[in-house]
Amino acid sequence: MDIRIIYSDDAASMTEKLISSYGLEGKIGRKDSRIILKPNFVVPSPADNGATTHIEIITTLIGYLQEHGFENITVAEGAWVGASTSDAFSKTGIYDICRKYGVRILDLKKDSYRKVSYDGIPMEISETILNADYLINLPVLKGHCQTQMTCCMKNLKGCLSDRSKRAFHQMGLSKPIAALNAIVKPDLNIVDSICGDLDFEEGGNPVRTDRMYLGENAVLTDAFGASLMGFRPEDIEYIPIAASYGIGSMNIEDINLIELNKPSASSAKPHGAVARLASYTAPDMACSACYASLIHALKRMDDNGSIRKLKGMKIACGQGYRGKSPDIGTGICCKDARISVKGCPPSAADILRTLEEL
Ligand code: SF4
């Protein structure tokens with residue numbers, strides 16, 4: 001199954017290239033199809049804080065869809081329990097965009113719900129979401145304090161009533177998330193992996209990654225996202241449960257990865273919790289995606305305590321190492337290092353495996 005990936009810091013241009021290369025207009029069907037765009041506006045916070053979807057992605061999608069004659073478009077989201085969706089809409093600027101393009105915007109906390117159940121998990125899901133003809137999921141790839149990672153599958157939790165959101169937490173999140181995805185299956189997932197948070201769904205420690213990717217199946221697209229963050233798909237509990245429901249494959253070997261371009265060097269400086277992990281690195285003209293893979297691998301080692309063995313080490317990363325021989329480095333630019341990790345960019349999972357073996 002195809003996953004298309006692109007690297008840049010320009011959300012609008014990446015979105016345009018991804019959906020054009022995918023041929024989105026030919027996939028939707030009737031011009032009067034009810035198209036729902038489901039971003040992640042879990043909290044009222046700007047996208048560069050690492051929690052929410054960049055609105056340039058939504059703006060580009062709306063413009064593209066309208067250009068191709070699709071007019072029945074709704075932007076729909078429900079913030080987490082305790083936060084106001086309308087505050088999130090205001091803070092992100094999406095109200096103004098929807099007004100400008102004449103697009104409906106819906107707070108899913110105010111929608112009517114249908115009671116459904118799957119594998120013993122009862123839930124109340126938005127009628128608008130269930131009645132969509134074409135659902136485009138627009139999650140952010142980021143860390144999560146309970147499920148470790150959140151992306152396509154977990155983003156659909158915003159389609160539930162607040163009562164069901166609370167119940168999902170009481171039931172331990174993973175099985176309910178998989179059950180929800182057995183009922184709501186996005187037609188397309190366009191992942192904002194531009195600066196998702198290191199470990200919290202509400203943001204605060206964004207990791208500059210400068211990439212987006214697109215996949216049709218939420219389970220496989222999440223399995224891919226897990227590998228980008230240094231996890232094995234089976235580490236994210238809801239992925240194997242969903243795979244066992246037959247919703248999708250979790251085998252990243254099944255992915256046909258289509259790279260629309262290659263990353264380029266970034267000058268972004270890490271801060272907060274990311275800066276602490278960055279003390280184990282020595283970047284020199286590193287591309288964001290490459291450096292983020294290294295940071296995520298270090299985060300996994302920080303979580304399991306094995307980072308101690310890296311004390312005093314500086315892991316090389318970046319185009320400035322071409323033709324040089326550092327002791328240890330990541331990516332093809334460091335291929336002459338004594339210990340190197342293949343890839344351009346390498347995945348966090350591959351970097352982690354190498355560091356763990358040291
Ligand atoms: S290997 Fe080099 S060129 Fe490739 S992503 Fe990493 S730093 Fe960039």
Side-chain angles (χ1 to χ4, degrees), residues 2-11 13-15 17-18 21 50 140-143 151 191-196 198 206-215 221 224-231 252 255-271 274-275 277-301 310 313-358:
D2 292 348
I3 289 186
R4 287 160 204 274
I5 191 163
I6 187 163
Y7 302 94
S8 156
D9 57 1
D10 183 338
S13 149
M14 283 195 284
T15 306
K17 286 176 180 147
L18 277 174
S21 118
V140 175
L141 175 67
K142 57 186 168 174
C151 196
V191 178
D192 178 342
S193 179
I194 296 170
C195 60
L198 182 67
V207 182
R208 195 87 221 166
T209 318
D210 291 340
R211 75 184 157 211
M212 287 177 61
Y213 54 94
L214 170 157
T221 310
F224 178 66
S227 75
L228 294 177
M229 292 188 70
F231 296 110
I252 50 180
I255 296 170
N256 175 38
L257 189 66
I258 301 170
E259 289 185 301
L260 301 191
N261 65 358
K262 280 287 183 189
S264 53
S266 159
S267 56
K269 293 269 177 289
H271 61 272
V274 182
L277 297 172
S279 65
Y280 294 93
T281 72
D284 184 358
M285 293 172 63
C287 303
S288 300
C290 206
Y291 194 58
S293 289
L294 176 55
I295 291 293
H296 281 299
L298 291 169
K299 171 67 177 147
R300 304 287 79 81
M301 294 182 77
L310 300 182
M313 263 189 212
K314 292 277 185 191
I315 300 156
C317 175
Q319 299 177 34
Y321 287 98
R322 284 179 181 160
K324 297 183 184 167
S325 308
D327 194 45
I328 176 165
T330 66
I332 197 159
C333 293
C334 293
K335 69 178 173 40
D336 296 326
R338 188 177 64 82
I339 299 165
S340 73
V341 184
K342 290 196 180 77
C344 177
S347 74
D350 285 345
I351 297 175
L352 180 63
R353 209 170 298 119
T354 302
L355 295 180
E356 297 270 35
E357 281 168 7
L358 285 176

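One-based numbering, in listed order, for ligands and for the atoms of each. Quantities reported herein were computed from a predicted structural model and do not represent experimental measurements.
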Ligand 1 atoms in contact with Gly318 (distance to a heavy atom under 4.0 Å): 7 (S)
Which atoms of ligand 1 are found less than 4.0 Å from any heavy atom of Arg322? 3 (S)
Which of the protein's N, O or S atoms come within less than 2.8 Å of atom 4 (Fe) of ligand 1, not counting waters? Cys344 SG
Atom [atom1] of [X] and atom [atom2] of [Y]: how far apart are they, to the nearest 0.5 Å?
X: Leu141; Y: Thr221; atom1: CG; atom2: OG1; answer: 11.0 Å
X: Arg322; Y: Asp284; atom1: CZ; atom2: CG; answer: 11.0 Å
X: Arg300; Y: Met229; atom1: CZ; atom2: CE; answer: 5.0 Å
X: Cys317; Y: Ile351; atom1: SG; atom2: CD1; answer: 7.0 Å

Contact check, side chains of His296 and Phe231, non-hydrogen atoms, under 4.5 Å: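 A side-chain contact under 4.5 Å is absent here.
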Note, Arg211 side chain near Ile5 side chain (heavy atom, < 4.5 Å): yes
Donor-acceptor pairs under 3.5 angstrom involving side-chain atoms of residues 326-335: please list them, not counting sequence neighbours.
{"from": "Asp327", "atom 1": "OD1", "to": "Arg338", "atom 2": "NE", "distance (Å)": "2.5"}
{"from": "Asp327", "atom 1": "OD1", "to": "Arg338", "atom 2": "NH2", "distance (Å)": "3.3"}
{"from": "Asp327", "atom 1": "OD2", "to": "Arg338", "atom 2": "NH2", "distance (Å)": "3.3"}

